[in-house]
*Asks:* 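I'd like to ask you about the structure that follows.
Labels below follow one simple rule: chain letters A, B, ... track the order of the sequence lines, proteins then strands, and each chain is numbered from 1. Treat the numbers as computed from the prediction; the structure is a model and nothing was measured.
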Number of protein chains: 2
Amino acid sequence: MPLIGSIGQFEQLVLAAILSLRDHAYGVTIHGKVSELAQPREVSLGAIYVTLDRLEDKGFVSSWLSSPTAERGGRAKRCYRLEAVGEQALQESAATAVRISEAIGQALGKNWAQKWRKQWNNELG
Amino acid sequence: MPLIGSIGQFEQLVLAAILSLRDHAYGVTIHGKVSELAQPREVSLGAIYVTLDRLEDKGFVSSWLSSPTAERGGRAKRCYRLEAVGEQALQESAATAVRISEAIGQALGKNWAQKWRKQWNNELG
DNA sequence: AGGCATTTGTCCAACATAGTAAGACAAATA
DNA sequence: TATTTGTCTTACTATGTTGGACAAATGCCT
């Protein structure tokens, strides 16, 4: 069993992506969102599916097949939704992440932390 | 090779602990600090040493043996210091952690984020 | 002094789980 | 049947984790 609430770093990323994609979470879009969050790093599609499988095994997410859309190549997608347990695990691991950020901020000096706090405030008003 | 800047979740924790302990970073104290950061979860000493070894292999930290202190059982400790590469990796992974927190905050609503922002502000003035 | 218990510490061996790449396979439309 | 959009599998590497072995100081007791 891994750290914090039984989820790892990549799982955290995938869970966060599903949460923020709401009704449009399926393999390809999740991959896009995760790439965005992980930023300088590139992520493979395979990694996403494997992780999705494991998250479903743990009951953190559930999935169902949608009907195909009417666009070229638009085949049926497997859509994902966060379950209550998954949301809780995600919140716990995020809380730890914040704690780590704080520790780093204190050790590295206020400039580092304020840079992020500023960005945070801007987005939330 | 792992995610973000080549460090995992636990490595991130250990690096942050070393950073915040400054001149007093060795096995036992690092273990204490990591336990504090990982909070509800318990961490074994062995996990710390193994991770420390791997971090040193990657050049993220360096270590040296101190001379024994004059207290009962006070034997020589192996002290650790963060190297420049390690500090950079830590900052990058922390930046990603913040990004994830933001994504969660946006998806979960402002209450979640503000709870943490408040705490953040209190500590930094 | 000599010897052993106790305390503080480090390190290894082994295994479980998460992270990753590469590419096979499937089903739509054109 | 070629192209596009999408899913899933295999196999491997790296991290996470436990448990306990081992080492070196001091303190106490005869």
Side-chain angles (χ1 to χ4, degrees), chain A residues 1-15 17 24-32 34-35 37-38 41-58 60-61 63-80 89 93 96, chain B residues 1-15 17 24-32 34-35 37-38 41-58 60-61 63-80 89 93 96:
Chain A
M1 35 197 119
L3 196 63
I4 302 111
S6 292
I7 72 168
Q9 197 171 31
F10 198 72
E11 293 177 313
Q12 191 183 358
L13 229 25
V14 171
L15 248 31
H24 311 289
Y26 66 96
V28 176
T29 52
I30 293 173
H31 175 240
V34 168
S35 300
L37 291 175
R41 195 152 191 82
E42 300 211 347
V43 176
S44 75
L45 249 177
I48 300 290
Y49 285 106
V50 172
T51 303
L52 244 17
D53 265 13
R54 304 209 262 236
L55 286 172
E56 191 160 22
D57 283 346
K58 295 186 198 166
F60 287 164
V61 302
S63 74
W64 65 96
L65 281 173
S66 73
S67 34
T69 55
E71 53 182 326
R72 171 148 173 138
R75 52 174 296 203
K77 317 175 200 318
R78 176 169 295 279
C79 295
Y80 287 87
S93 75
T96 298
Chain B
M1 34 199 114
L3 196 63
I4 302 114
S6 291
I7 70 169
Q9 198 171 29
F10 197 73
E11 296 178 311
Q12 192 183 358
L13 229 26
V14 171
L15 247 30
H24 310 288
Y26 67 95
V28 176
T29 53
I30 293 172
H31 174 240
V34 168
S35 301
L37 291 175
R41 193 154 191 80
E42 300 211 347
V43 177
S44 74
L45 250 177
I48 299 290
Y49 285 106
V50 171
T51 303
L52 244 17
D53 264 12
R54 303 209 263 237
L55 287 172
E56 190 159 23
D57 282 347
K58 295 186 198 166
F60 288 164
V61 301
S63 74
W64 66 95
L65 281 173
S66 73
S67 34
T69 54
E71 52 182 326
R72 170 148 173 136
R75 52 175 296 205
K77 316 174 199 323
R78 177 169 295 280
C79 295
Y80 287 87
S93 76
T96 298

*Asks:* Would you say the side chains of B/Glu42 and B/Ser35 form a donor-acceptor pair under 3.5 Å?
*Replies:*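 Checked: B/Glu42/B/Ser35 side chains show no N/O donor-acceptor pair below 3.5 Å.
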*Asks:* Rounded to the nearest angstrom, tell me the gap between atom CD1 in B/Ile7 and atom C1' in C/dG19.
*Replies:*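 The distance from CD1 of B/Ile7 to C1' of C/dG19 comes to 14 Å, rounded to the nearest Å.
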*Asks:* Detail all sub-3.5 Å separations between protein N/O atoms and N/O atoms belonging to nucleotides 21-23 of chain C.
*Replies:*
from: C/dA21; atom 1: OP2; to: A/Ser44; atom 2: OG; distance (Å): 3.4

*Asks:* Excluding sequence neighbours, so at least two apart, what forms side-chain contact (heavy atoms from CB on, under 4.5 Å) with B/Val50?
*Replies:*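 Here the qualifying residues are B/Arg54.
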*Asks:* Between C1' on D/dG6 and OH on A/Tyr80, what's the gap in Å once rounded to a whole number?
*Replies:*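 In whole Å, D/dG6 C1' lies 12 Å from A/Tyr80 OH.
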*Asks:* B/Ile48 has an atom CD1; how far is it from atom P of D/dT18, in whole Å?
*Replies:*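 Interatomic distance, CD1 of B/Ile48 to P of D/dT18: 10 Å.
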*Asks:* Output the single nucleotide from C/dC11, D/dT7, D/dT15 whose closest atom is nearest the side chain of B/Lys58.
*Replies:*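 The nucleotide sitting nearest to the side chain is D/dT15.
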*Asks:* Main chain of A/Ala38, side chain of B/Thr96: is a donor-acceptor contact present, judged purely on distance under 3.5 Å?
*Replies:*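 Answer holds: no.
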*Asks:* Residues two or more places apart in sequence or in another chain: which of them pass side-chain contact (heavy atoms from CB on, under 4.5 Å) with A/Ser44?
*Replies:*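 Residues passing side-chain contact (heavy atoms from CB on, under 4.5 Å) with A/Ser44: A/Ala47.
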*Asks:* Heavy-atom distance under 4.5 Å between the side chains of A/Val14 and A/Tyr80, does that happen here?
*Replies:*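 They are not in side-chain contact.
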*Asks:* Spell out protein contact along nucleotides 24-30 of chain D as letters: B when the base is contacted, S when just the sugar-phosphate is, - when no protein heavy atom is under 4.0 Å; keep the 5' to 3' order.
*Replies:* SBBS---
*Asks:* What is the separation between atom CG on B/Leu55 and atom P on D/dA14, rounded to the nearest whole Å?
*Replies:*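 So the CG-P distance, B/Leu55 to D/dA14, works out to 15 Å.
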*Asks:* When you measure from the side chain of B/Gln12 to the backbone N and O of B/Ile7, does any donor-acceptor pair fall under 3.5 Å?
*Replies:*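 Not a single qualifying donor-acceptor pair exists.
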*Asks:* side-chain contact (heavy atoms from CB on, under 4.5 Å) with B/Ser66: which residues, sequence neighbours excluded?
*Replies:*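 side-chain contact (heavy atoms from CB on, under 4.5 Å) check on B/Ser66 returns B/Lys77, B/Cys79.
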*Asks:* Only counting residues at least two apart or in another chain, list the ones meeting side-chain contact (heavy atoms from CB on, under 4.5 Å) with B/Leu45.
*Replies:*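 Checked B/Leu45 against side-chain contact (heavy atoms from CB on, under 4.5 Å); matches are B/His31, B/Tyr49.
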*Asks:* Find the distance B/Phe60:CZ to D/dT15:P and express it as a whole number of Å.
*Replies:*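 It works out to 9 Å between those atoms.
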*Asks:* Between B/Phe10 (CZ) and C/dG19 (P), how many Å, whole number?
*Replies:*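 Between P of C/dG19 and CZ of B/Phe10: 15 Å.
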*Asks:* Are the side chain of B/Glu11 and the backbone N or O of B/Gly8 linked by a donor-acceptor pair below 3.5 Å?
*Replies:*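 Flag set: sc B/Glu11 to bb B/Gly8 pair under 3.5 Å.
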*Asks:* Atom CG of A/Leu52 and atom P of D/dG6: how far apart are they, to the nearest Å?
*Replies:*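 To the nearest whole Å, that distance equals 14 Å.
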*Asks:* Of the nucleotides C/dC11, D/dT9, D/dT15, which one has an atom closest to the side chain of A/Asp53?
*Replies:*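 The nucleotide sitting nearest to the side chain is D/dT9.
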*Asks:* Would one find a side-chain N or O of B/Tyr26 under 4.0 angstrom from OP1 or OP2 of C/dG9?
*Replies:*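 Yes.
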*Asks:* Rounded to the Å, how far apart are A/Leu65 CG and C/dA26 P?
*Replies:*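 Answer to the nearest Å: 15 Å.
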